[in-house]
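The block underneath contains the structure these notes are about, expressed in structure tokens.
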Amino acid sequence: MEIIKTHILRVLRNIWTFRGQSLINISGLAFGISLSLMIVMFMRFEHNFDSQYPDANRIYRIVSTGNLGSDSIHIASSPLPLLEFIKKDTLNIESATQIIKGFSKKVTYQQITYNEDYFFYSDSAFFSIFRIPFLSGNPNEALLEPNTVVISQSTAQKYFNHVNPMGKYLKLENDTELKITGVCEDVKSTSHLKFDFIASISTIDQMILQKKDSTALNEFKNNWLNFNCYNYIKLKEFINPTIFDSILNSQLPTAFHLQVDEAFGQEKLNKSNSVIHFMLQPILSIHLNSKLDNEIQPNSKKLYLQIALFVFIIILLATSLNFINLSTSRINIRIKEVLTRRLMGASKRSILIQLIIESALISLISLVLGLVILEIFFPVFNKVMQLGVEISDLRDGFDIVYALGITLGIALFSAIITTFYFIRINTTQAQNPTTTSNKGYYIRGVFLSIQVHISTALILILVTMFWQLNSIKNESTGYNYEDIIVINRGKAIGSQITDFKNSLKENQEIEVIAIATHIPGETYFQTSIKLKNNPNSPYFLWQLNFVDNDFFKVFNIDIQSDINNKDGKLDSLSAYVNKPALEDAKMGKLIGDTIEIVGGKNEPDRKFEIKGVINHFMTKDRKEKDLPMMFLAANEKFYRYIIVKHKPNTANETITHIKKTWNQYAKDEPLDYFSFEQHQKKFYKDDDRILLFIGIMSLFAFFSMIIGFISLIQFFICINKEKILTQQLMGASLFQNMLFVLSRLAFFLAIGFILAIPTTWFIIVKWMNQFTSHHSLPIPIYISILLLLLFFMLLIQWIYAIRFTKEITKN
Amino acid sequence: MIRLTDIDKYYVDGETEKVALRHINLTFEIGEYICVQGNSGSGKTTLFKILGLLEEPTTGDYHFRDKNFSNLTNKQLLSNRKGLIGLSLEQDMLIEDLDIGENIALPLYYMNISKNERSKMVNTILENFNLTHKKKLLPKQLTQLQRQVVSIARATVSNPQLLLIDEPTSRLNSSESEEIMTMIEKINRQNTTIIVFTQSVSIAQKADRCIYLSDGHLVNAPTL
């Protein structure tokens, strides 16, 4: 105890004596610990998706892959009838369930109405696979009956406050009433499936029966070509999913093959020639590895985790090496002290213990500071990076153990290295640190080169990424995106849309109003089509959007139409296509041609004359090439969005008018609107996050590099103290001594700089590959940035070289 | 009695072998006051290290009373040195962020002497050397003479049987040197064997005898 107390007091005194350097050392370590903790939390968050479900390693989603004509499909959903077929396999399957997306639903309880985006339908097996704790109700029975619903805890709070919601009824927009039969905990943020409502799937049966008849219901439930649901199974223990996969596909029912044949005009084929293949996808791999269309919610990418891991390693290395560097940079003072202790009888062991206690104490101080930094900055980091990690996760045992472990690990590592470094020095070497320290100087120099390299590369990558993202955001999309307000769930207006539009237009600020089922950047409907005028036409899979003619005026889309047909407007018998559709069909022009949308069973094919070609229209974003697309006429019963184009700088007035008009036509419907420009900005949300992340890492790397500079300059001056003093005695000015110091560092600086260029190039090329258009940073800008960085680094070196040289020569 | 028999010390630097000491045979009686003289490169420092159990000789024997200090490992050298031999180097080797009391207590600390006992011994030494009022000062607050006094005080705190002092007056003026020499004589009167390594003639004159080294050999006294 006494030993520890003595050392603690000594360390505290030391910190105060060299408070400038101690502040740099402690804050450097604190930031490093804090950042590495944030990254660990992020990595755990990303890596542990869906692992909270018991037996998650046995839960699989059934996904669909295959070819339709010349187009391949890879989608996360699968047909509705698949579940009944799968359930027959009681040998391999423990349980199976399916989920149908409810899309945006208006939900009402008494006077409270919200538009809900996380509404799903499922069956009673749902909660046996996704075992989410219930606060009220029985998970095995809650979804047995039609017109029942389980809601999440926060949803219960939203609608019912503190009143028990069990047995109460929620109303949907089609007047369907759902009885609340369960309240479950909120789904954790680490789930690929987020919901607020799970209604019983048999409710859909009731809805169809009410609207249509039992024939329609039967067709809905037996349609193998409608990939409208997500099927999940839980395999029994020790069942090999690969084997189950092949059994599943080899034993698909005849009905499936017949419907495919009928839809695509093929002869009856052997079952093994089926164009659709169903695969088991482990739910644990969905978040990071799934690259399918029609995902329930957007997933992440493994690349982000890899980047995070790489950055984590860099941060830890930089932090611990900087710590060691700074601890040993005042080599002349430390050597003398260690040597004195050894002369006075200290064993290597006691020196090691002393250094460990010192390092541990400074590390613990840094840890406390680091945790404070984390508490302050993590919510900001979380929000800006749009992560779902909660700071309370930090108080999880694992993270605390990690934090302590990493801190003490750095302390121990640093102490061992430092002891090893000093313990070998004898009195002769102590009097002449130059002979012993050249190796140490070169090692530090190499480390500095690495820091310069990383810091420079990160900054160059940051600027290049910013340039690319900014450029593609400003690139022509083929449509206008400014001064547009989009009203979601516009179908609440329904068939009153014409009157609604006219009322809106009474406002002088509003220019044009359109309706559509999709807006640019969304995932569109897909449909199979063939060219009627070509008897050998294969089937194509094109995107589909239903719009009115004002849609093209709102977005200022250029349409090339048949010059002989001035009335190129869209109507129920006509269509527009885009340039990729032309290329897909391998036709020079399609105007005047007739295309046919393939109907399902008992649904007729529909024919449309192509009246216009859209020359340039970005279907999604610059990460995908533009897909073949077709526009058909929307009608007043079939649209989702009302899109309002207003005059520049009149957004507020327009919104006020929209609100007023909405209240006149759909008072009971909550108004949900957004700026299209804001919507557009989210196209590259992930890349913006990465950019921000790189920005933060650049700052850290730069700060770390400065510490590296300081410690190397200090070390170099210490070991060349005699030389510098001698030079001064011989008449060298401060400036000349400075040049001597800086010239020795220039080599390491240059190496770091030069290496940064290929590193930057390699990473940027890899990142740029995901975009369809590339905007490289102009060479003059690259050079300017490099020069600016070089200037800044030299300035830092200069300032600290002067300071330490003056210190030496003064004494 | 302290005896060195046929001590040789070589240092190997790559392919070159440098002879630091050759055929050194010396005997010291308990309580003697010896002065070792020689120019730079004569082997004084090497002899200091061997006598101080900082290094082993390449060949030869080192007997300290009834103990044989030949062929020891570094760990054994260290453990034998503690409490037996006190060292005071030319650079005072004070630890700058420990106060005077703590600096003096350092050898006792590594001998695992209890805190109370240490405190008593340190206070005794401070009194003997007239440093009691400077106990809480830091080394940078002392003059060169005071620093040298503290260095010697630290070397004697454990009551060593042999005290080795390297160039105690190299950084002092004549009156300060006189003070140091008086102090050394006072320590010697307590029957501590003292060996001073110096180029100073005044110290040589005060010693019981002088040993002269030249190029690693013992030589006769130089003639003026």
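By convention in this document, chain letters (A, B, ...) are assigned in the order of the sequence lines, proteins followed by strands, and residues within each chain are numbered from 1. Quick note: numbers below take in every heavy atom, side chains included, and nothing from hydrogens, waters or symmetry partners.
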Please state whether the side chain, the backbone, both or neither of L94(B) comes within less than 4.5 Å of a heavy atom of chain A. backbone
What distance do N103(B) atom CG and M344(A) atom CE have between them, rounded to the nearest 0.5 Å? 9.0 Å
Show your reasoning for whether side chain to side chain contact (heavy atoms under 4.5 Å, CB included) applies to T340(A) and R154(B). CA-CA 11 Å; T340(A) 303; R154(B) 183 177 62 187; 3.4 Å; yes
Over 12 non-hydrogen atoms of neighbours within 6.0 angstrom of CG in D215(B): no
Is atom CZ of F28(B) surrounded by more than 12 heavy atoms (other residues, nucleotides or ligands) closer than 6.0 Å? yes
OH of Y11(B): more than 12 outside heavy atoms within 6.0 angstrom? yes
When rounded to the nearest 0.5 angstrom, what is the spacing between CD1 in I85(B) and CG in L343(A)? 12.0 Å
Got a second to check how far K348(A)'s NZ is from L78(B)'s CG, nearest 0.5 Å? 10.0 Å
Tabulate, in ascending numerical order, the residues of residues 107-115 of chain B having at least one heavy atom closer than 4.5 Å to a heavy atom of chain A, or enter 'none'. P107(B), Y109(B), Y110(B), K115(B)
With a 6.0 Å cut-off (strictly less than), is the heavy-atom count around CZ of R13(A), excluding the residue itself, greater than 12? yes
Are there residues of residues 132-149 of chain B whose heavy atoms fall under 4.5 Å of chain A's heavy atoms? If so, which? L138(B), R147(B)
Evaluate I95(B) against R341(A) for side chain to side chain contact (heavy atoms under 4.5 Å, CB included), listing each step before the verdict. CA-CA 9 Å; I95(B) 297 178; R341(A) 286 182 185 271; 3.8 Å; yes
Quick one: pull up CG in L339(A) and CE in M93(B) and give me the separation to the nearest 0.5 Å. 4.0 Å
